[in-house]
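Below: one structure, written as structure tokens.
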Amino acid sequence: MNQQIVVECRQLRKTYEGRVEAVRGIDLTIYAGQCYGLLGPNGAGKTTTIEIMEGLLEASSGEVEILGMNWRQHSDELRQALGVSLQETRLAEKLSVRETLELFGGFYRESRPAEEVMEELGLTEKADAWVGKLSGGQKQRLAIATALVGNPRVLFLDEPTTGLDPQSRRQVWEIVRRFQTRGGTVLLTTHYMDEAERLCDYISIVDHGKVIAAGTPAELISGVGGHHHVEFALVADAPVPAETWRRLPGVGGVIGEDGVISLTVEEPHRTIPALLSLIDENGWQLNQLTTRQSSLEDVFVNLTGRHLRES
């Protein structure tokens, strides 16, 4: 991967009314060609961070550089170089898809032909259809098309697949990958951990206005204490102390939620026999037992105590 720095934030802070600190010293470095994920629960400060990077908000302190430029001195140049797809994009419902893209293309000096962008995003058949007649997935692809028609070097995608069906989500994923193959750089926020694992080369997890963890998906997952999860539930009246499960061989972490115990382990073939023996020795009754590989969702729960979709 090209190691040219495309986006850099240094000690970014945003305070509202002198009291509420939405962003508290965030540092980010995004390299050319990366898909960089910014994850966090609602209210964590990620939207504020992105809006500062997009030039929609002014930081209270700190620096943002994009392509070696800043918003104070190079606002026109940056607007030409960035594509932005907001979480909710409201487009004129009685314009056609083609008219919408031609309108947005007119805002840029080096825009791409509307026909070319429609072909890339699978919208050619809907070229003359009104925006108001499109399906949810088609509207979302059009919103991304309006961000791509300006031929940007950096693409900001805020929750690009929220509410879409699985097929439409995968179509958006392909759009992101194609943009990267052309050398584009992506900053992505998402509430879907599988999406972050599939698309993102590097991830920062934000909570309470700070980056609390950062790394590649593999690095973050390896930090949860094991690459596998053993999840089980007992038929029992009295809860068993977590320390009982933590003493089993190979257990790196224990989380209990809604009556289900989740053990983070490195070697399930060692942990599971020991677990079954312990249950049998104590006369407990096993209600369920499953195993799976660790995921970014586990990382998020370990760090924030919440599931991303529930936050």
Side-chain angles (χ1 to χ4, degrees), residues 6-7 33 35-36 38 47 50-57 66-67 69 71 74-192 195 199:
V6 171
V7 180
C35 180
Y36 194 107
L38 197 62
T47 297
I50 291 169
E51 289 182 348
I52 292 171
M53 296 164 74
E54 293 170 343
L56 301 176
L57 280 179
I66 302 175
L67 300 166
M69 298 179 282
W71 284 105
H74 312 96
S75 60
D76 288 343
E77 295 95 323
L78 283 172
R79 287 190 178 94
Q80 293 294 320
L82 304 186
V84 177
S85 179
L86 304 175
Q87 189 171 346
E88 282 191 44
T89 303
R90 296 189 180 275
L91 301 171
E93 297 211 337
K94 291 190 178 181
L95 286 182
S96 70
V97 169
R98 181 186 286 107
E99 289 168 339
T100 300
L101 290 177
E102 288 174 348
L103 172 66
F104 275 79
F107 301 148
Y108 298 92
R109 290 190 289 267
E110 299 180 11
S111 62
R112 298 170 61 192
E115 301 293 336
E116 178 183 303
V117 177
M118 285 189 294
E119 178 68 28
E120 181 181 331
L121 275 78
L123 291 169
T124 302
E125 291 184 0
K126 295 293 181 178
D128 297 314
W130 281 1
V131 170
K133 299 294 185 181
L134 301 179
S135 69
Q138 290 164 348
K139 285 182 179 178
Q140 189 60 24
R141 277 183 279 145
L142 178 58
I144 296 172
T146 63
L148 291 174
V149 74
N151 201 22
R153 295 173 62 185
V154 184
L155 184 62
F156 289 90
L157 297 176
D158 191 4
E159 305 285 349
T161 64
T162 297
L164 298 187
D165 60 83
Q167 181 180 356
S168 296
R169 287 180 67 206
R170 284 173 172 78
Q171 288 173 333
V172 172
W173 295 353
E174 272 306 307
I175 293 164
V176 173
R177 291 189 182 104
R178 284 198 297 269
F179 181 73
Q180 282 185 271
T181 60
R182 296 197 303 269
T185 304
V186 181
L187 178 65
L188 170 78
T189 73
T190 179
H191 272 144
Y192 298 106
E195 185 164 280
L199 291 181

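- Evaluation of the salt bridge (charged side-chain N to carboxylate O under 4.0 Å, His left out) rule for R90 yields E88 as partners, not counting sequence neighbours.
- At least one side-chain heavy atom of L121 sits under 4.5 Å from a side-chain heavy atom of L148.
- Taking all atoms of both residues into account, the shortest heavy-atom contact from L82 to W71 is CD1-CZ2, 3.6 Å.
- The shortest distance between side-chain heavy atoms of V176 and Q180 falls below 4.5 Å.
- Separating the SG atom in C35 from the CG atom in L188 is a distance of 5.0 Å, to the nearest 0.5 Å.
- A heavy-atom distance below 4.5 Å is found between the side chains of L101 and L142.
- The salt bridge (charged side-chain N to carboxylate O under 4.0 Å, His left out) check on E120 picks up R112, R182, with sequence neighbours excluded.
- At least one side-chain heavy atom of E51 sits less than 4.5 Å from a side-chain heavy atom of E54.
- Under the ring pair (Phe, Tyr, Trp, His ring centres under 6.0 Å) criterion, no residue pair touches residues 153-175, with sequence neighbours excluded.
- Annotation: side chain of L155 is not in contact with side chain of T185 (no heavy-atom distance under 4.5 Å).
- Side-chain contact between E174 and R178 is present, with at least one heavy-atom pair separated by less than 4.5 Å.
- Q80 places a side-chain N or O within 3.5 Å of a backbone atom of R109 that can act as its donor or acceptor partner.
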Taking distance alone, no hydrogens or angles, what donor-acceptor pairs closer than 3.5 Å link side-chain atoms of residues 123-138 to residues at least two apart or in another chain?
from, atom 1, to, atom 2, distance (Å)
T124, OG1, E119, N, 3.4
T124, OG1, E119, OE1, 3.2
D128, OD1, R98, NH1, 2.4
S135, OG, Q138, N, 3.3
S135, OG, Q138, OE1, 3.3
Q138, OE1, S135, N, 2.9

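- Not a single salt bridge (charged side-chain N to carboxylate O under 4.0 Å, His left out) links R153 to another residue, sequence neighbours left out.
- Side-chain contact check for S168 and Q140: no donor-acceptor pair (N or O, by modelled atom type) lies under 3.5 Å.
- Contact of the T189 side chain with the T47 side chain is not registered, since no non-hydrogen atoms from C-beta on lie closer than 4.5 Å.
- Looking at residues two or more places apart in sequence or on another chain, you find a ring pair (Phe, Tyr, Trp, His ring centres under 6.0 Å) between F104 and F107.
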